4 protein chains.
Amino acid sequence: MGESRLDVQRGNQKIDWAMAHMSLLRLLREEFRNSMPFRGHRIAMSIHLEAKTACLALLLHGGGADLQVTGSNPLSTQDDVATALAARGVTVHARHGATEREYTDDLKHVLEAQPDLILDDGGDLTHLLHTEMPLEIVGGCEETTTGVHRLRILAQQGKLRFPMFAVNDAKMKYLFDNRYGTGQSVWDGILRSTNLLVAGKAVLVAGYGWCGRGVAMRAAGLGARVIVCEIDPVRAVEAAMDGFTVGPMEEMIARADFLVTTTGCRDVVTRSAILNAKDGILMANAGHFDVEIDKQALSNLALEKENVRDGITRFTFSGGRTIYLLGEGRLVNLVLGDGHPVEIMDISFALQALTLKHIVESAPLAAIVHSVPAEIDHRVAEMKLATMGIGIDALTAAQEAYLGL
Amino acid sequence: MGESRLDVQRGNQKIDWAMAHMSLLRLLREEFRNSMPFRGHRIAMSIHLEAKTACLALLLHGGGADLQVTGSNPLSTQDDVATALAARGVTVHARHGATEREYTDDLKHVLEAQPDLILDDGGDLTHLLHTEMPLEIVGGCEETTTGVHRLRILAQQGKLRFPMFAVNDAKMKYLFDNRYGTGQSVWDGILRSTNLLVAGKAVLVAGYGWCGRGVAMRAAGLGARVIVCEIDPVRAVEAAMDGFTVGPMEEMIARADFLVTTTGCRDVVTRSAILNAKDGILMANAGHFDVEIDKQALSNLALEKENVRDGITRFTFSGGRTIYLLGEGRLVNLVLGDGHPVEIMDISFALQALTLKHIVESAPLAAIVHSVPAEIDHRVAEMKLATMGIGIDALTAAQEAYLGL
Amino acid sequence: MGESRLDVQRGNQKIDWAMAHMSLLRLLREEFRNSMPFRGHRIAMSIHLEAKTACLALLLHGGGADLQVTGSNPLSTQDDVATALAARGVTVHARHGATEREYTDDLKHVLEAQPDLILDDGGDLTHLLHTEMPLEIVGGCEETTTGVHRLRILAQQGKLRFPMFAVNDAKMKYLFDNRYGTGQSVWDGILRSTNLLVAGKAVLVAGYGWCGRGVAMRAAGLGARVIVCEIDPVRAVEAAMDGFTVGPMEEMIARADFLVTTTGCRDVVTRSAILNAKDGILMANAGHFDVEIDKQALSNLALEKENVRDGITRFTFSGGRTIYLLGEGRLVNLVLGDGHPVEIMDISFALQALTLKHIVESAPLAAIVHSVPAEIDHRVAEMKLATMGIGIDALTAAQEAYLGL
Amino acid sequence: MGESRLDVQRGNQKIDWAMAHMSLLRLLREEFRNSMPFRGHRIAMSIHLEAKTACLALLLHGGGADLQVTGSNPLSTQDDVATALAARGVTVHARHGATEREYTDDLKHVLEAQPDLILDDGGDLTHLLHTEMPLEIVGGCEETTTGVHRLRILAQQGKLRFPMFAVNDAKMKYLFDNRYGTGQSVWDGILRSTNLLVAGKAVLVAGYGWCGRGVAMRAAGLGARVIVCEIDPVRAVEAAMDGFTVGPMEEMIARADFLVTTTGCRDVVTRSAILNAKDGILMANAGHFDVEIDKQALSNLALEKENVRDGITRFTFSGGRTIYLLGEGRLVNLVLGDGHPVEIMDISFALQALTLKHIVESAPLAAIVHSVPAEIDHRVAEMKLATMGIGIDALTAAQEAYLGL
């Protein structure tokens, strides 16, 4: 109980720090306190349960919602934050280091409460709602590239049961979270866990989507030579024009001191790539699932496997060659760091909150994958500019006439 | 006649230099020589007539087309190249420094030859074909943002008479031409015409689209502090996150040593902005038309107007304050430089040539604004990678299965 | 005792990780094991006692030295490393969080062992040797800008009692440690302790020496707008030409979201600067002593002072304006991080070890401030290139003749 | 005569443009008009005779000097500027495209006028004064790295006959001219003469001194992958830490699309490097003399040599492999461009003018190589800051006391 009180205190301190730097959520908190847009609604949330997502939960809670929260990854749940959140009246089902079984049970618990809105991160809630627990859902939001990809497959197969909004595809999400957010937080995670120098190193980034660009951009900003592996030829030319070395994985991995996967796909670093890897390479993953680096192959090929530092496993191969794997190949910025910077999540969560409000106001909506309305994107951008103290010009009548709009 | 022979020689030298660095067009030249895809077709081209576009003309000509060429801007036509092109069997109607009247007559001349395909740059040919000269056209390509914008308005009004392909909107066009091409060539034009230092200067970039990003990125690369003015709030936040100062024109222009407009819109630098501009500011335009900087206001407000250097006009205001206008506010990279780098146009022109071939092979097509097929984008990207000596991985079956494609 | 055994294990793990990435020290370890250059010598070391410095201690110990180690800052001493070091046969007098008195006593203890060589970091050992404990010293090394500055003052006053080498002034030290080391580790410390975004923020760097350059370069690399305050006019022009905003502290601090001091001087952020600071600013110090930000003034001016997160103090002023101070204004990269990257210290410590060896071999030397011999600088650079797998050309006879060398 | 009048007009226009952007020289012009520091002195100048150096000449002339001007390279002399300068009362002996013999005669002519002060650029005047024409000289300035190197050899041999100031070694010279000046102007020269893309290309920079850093920095800023060849190991490590690829010339040249030499040494690109060079490589030199690329070897090895564009020679080797040499291997920024940016030369020439004034005021001085006094460096920096509108803080008494100054 003393433990728990300490937890609440520590959790609150983390939440307060985040809230102090989430200026958009603070603006919306004022607005929702008056309008109570979620009154009468029950929201199930699956999130990386830490201080920033707790702020989103508190915003929705303060806007009238009955809230049911679970984690979206057992390793990213912070128990002190969960405890503090529960102490503020939110129902929480999540525990750090939960087993696979416990994790799934928690997902089910939040659905057993019969929510009518969902807020998903990766698609686990949605999956349950399409298999074991087919509830009636008014609508929901999906945060990640991976989750949206899973939604589109469901929709293409004609199986999507309720309207879902691809928050990930909003400009204010993927242009910022995936690029500036992942870009910074991946390096934060690597720096703090390794204490190694980036300047002068060869950094291989697998994938040149928005996440990959962010990771590459910041690697260059830290003084690395950047190598990009990308299967899309247009993006590969772009990476080359951006001044990076481009080539196939099996060749490039032999030159790399660090490797970061950002593709959202499996088997990016395969057995044969592992065999070619440079001695002493550090491998990390920034994609949603821990399937980008073939961990099974690493274990099978290695003579020895040892935990040499918090979150770092060393695999030793014949001849003494070594590979270091960070965070067991899970999201390095979450497992070895605190996830995305606060201000980035502030933007993404403002999108989430306004999209949920839009769902409530526009229901019923078709059971398809919806785009976040452009007005919400613009409103969030304008709020962000305002909190940064930046004014911009408006389109004039003369310009509008010229453009023939 | 001696003059003309010298012109042919100089023109050929320029064309040969370009062709030596257009590796994609050289590959297509081999292919088209055998397949002769344009045999029996007459193509009207309106282009900035210089060495690189001449290479495109020669490619189409070598692929069997009867070619009718005119300029797309009287100041960008290079007479020696025009003469050399004519000497190689292409019909050319264009002259440097043509009057407005002569320019329009030349556009009409190429249409009087009854082409069935067009290749437009800015939309002047298309305009004539929708007003005075309503010919039957199988299809055509449009190269610029501005031209595509005009096409979309025609299409929205239900007036588009024949299929047009928005080459500008192909990824291999706007991601490269508008960003790396404009980015480099604008600064090439400014450096060579001014001999001024960029490092330590404040550079205001108006517009943060692909062109504006390119100009901003290279300004930073030359050591400038970059200021961005942008009316779209999402792009404005992006510019801020990219480390640039963002704000409204009238305030920002008071701090800028250089100003470059890249918006494609009119009235970007208005009378009141001019009144606020920093003493000694250099203004240049990189948009298609010379309407972004209000030249009329500059002339009206100035006490004195003097040509102080090739392509540079100094406007002197009361109190001795000065503004320098580059290239009369026309496209600074074309008027004061040689336009986009050769390799960039090589990519854009490979798209043009393959799109024209696609039109011929797919006719008849609907009278709408078409996108360049993704296969053409990919093929051009793959050709470019091959000529750069870059190999990339292919999607594996396991990955494809995982992605559920 | 269980605690202690666990400490040894954790300390060893940290030391092993560092040693695995200190390729120069590993090369020297082989060499010293054979030559035993320090046999018969007793070395007193004052260092930030953590894994990397422990590797230097072990190198000297393995080279025959009797080693006496103490910390150079009570907050940077890591107890597990100290315990592990002691377990390997090194005499250690240091404890994390020691009081001022205990800290001084520890300094005295290592001197009471009658060393003939010293290795100083900041000048505290040297100070004692010139005041209370005037031992006979063969020579020593000083690592920091601050310590070298103190040595030069002693020398100018004719008071320096024994030969000291300004290791800080070796090229392989200040060009690397102060720039790439401080640049990365300061941001590592700030990122991990705040979880805040750097992109789009205004970062004020006070001082544009080698440390300041590193901090500014990495801030820009993380997407910040950089502002530099510098009192030397030549450096101020350089900062401006590097694309940074330059100006006086009291004006610039009103625009800054982050502030990092790197001057090595006191009273950089004064009372009046504090009064002008932007609401919510985060202040950190990267200089050797905690005198750059006027902490007294912060406390006096604030209405409230609260610890809001590990290592972060919030000062609240009238009207609700806040300032966050990181790590109590002490070296942010050491107090809130793990100090410089391993590879950077590997270079600096190779210089230290070879300089100590040089002192032993060349004694007696004059009691002045010596430069590290250029041959040592070159040898360390060549070792570093070799371990990076980089070959370079040698000066040819023809070139040498041309240069008239 | 009409020709000549036109020349004067064109020359004046160039000079006026430069003077309008040389704010330091304009400040000194006011000062010298009153104090007339050079009254009674005759100054011999050997300079790259174009608009900016003409402004320096006019400043000294306006400060009372009798001025004798010649070129420092026959290809950099601009006849219209020379004519305009003569029309303003300066004695000029220089002609564009002068033969070796004529060039030497011109150098002698300015010395025959019996100057007592010299302003040298590369050391040709100084050489004559130590061989054929041993005049009495009160003192002089040398502008370039190469010239200072030659001076130091003379001094080491005990042969230097009069005091010379190494203006090149002043901070406001080498930190700015060699880095930001060379960096920008080399790329200006290459871009305008080739119209080729830099983004995505591999650029080899030979030498990582201040010039090489500038060229490398700007190449990266234009989107290139940068490769550095450097014989000094410390600088080689620096280049690697700056994120560049580092290696030996013969290996690296096989990967390079562009090559720029900046070493000030001969035989940097040797016969065997030429044999290894990548097909289609463009080679340029930014060092003072045209000896860095072995032009003799190029000619000997090539099957064909053709001028393919203004200032570009193509060498064709067996198998069709080609190498393009820019500007005959002479200073590419001067031969194919307009030399350093105006504002950079403004700084360098302010140093020159104030140093000449210092010589006059301090004569007689020892016949050694003098450093520019730190006060002059500081004064020039302060003048520059003032003209940029930048204020900086002063060292306070408390800080001074702390530093023990």
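The structure displayed is predicted, hence computed values, not measured ones. Throughout, a chain's letter reflects where its sequence line sits, starting with A, and its residues are numbered from 1.
- A tilted orientation is assigned to the rings of C/His21 and A/Tyr324, their planes being inclined by 30° to 60°.
- Neither the backbone nor the side chain of C/Asp16 comes within less than 4.5 Å of any heavy atom in chain A.
- Under a 3.5 Å cut-off, the side chain of C/Gln13 and the backbone N or O of A/Asn307 do form a donor-acceptor pair.
- In this structure a side-chain-to-backbone donor-acceptor pair under 3.5 Å is present from A/Arg218 to C/Gly221.
- Heavy atoms closer than 4.5 Å to chain C are found nowhere in A/Ala51, neither backbone nor side chain.
- Contacts from residues 309-316 of chain A to chain C, taken as heavy-atom pairs separated by less than 4.5 Å, involve A/Arg309, A/Ile312 in sequence order.
- Within the 3.5 Å criterion, the main-chain N or O of A/Asn195 finds no donor-acceptor partner in the side chain of C/Gln184.
- Proximity to chain A (any heavy atom under 4.5 Å) is shown, for C/Thr322, by neither the backbone nor the side chain.
- The CZ atom of A/Arg192 sits 14.5 Å away from atom OG of C/Ser185, with the distance rounded to the nearest 0.5 Å.
- Here A/Leu197 is the residue among A/Leu197, A/Thr194, A/Leu191 with the most heavy-atom pairs under 4.5 Å with chain C.
- Ranking C/Lys14, C/Met217, C/Lys52 against chain A, the residue ahead of the rest is C/Lys52, based on heavy-atom pairs under 4.5 Å.
- No more than 12 heavy atoms of other residues, nucleotides or ligands lie within 6.0 Å of CD in A/Gln9, so this atom counts as exposed by the packing criterion.
- Using a 4.5 Å cut-off between heavy atoms, C/Ala18 makes no contact with chain A at all.
- Enclosure of atom NZ in A/Lys171 is not indicated, since only 12 or fewer non-hydrogen atoms of other residues, nucleotides or ligands lie within 6.0 angstrom.
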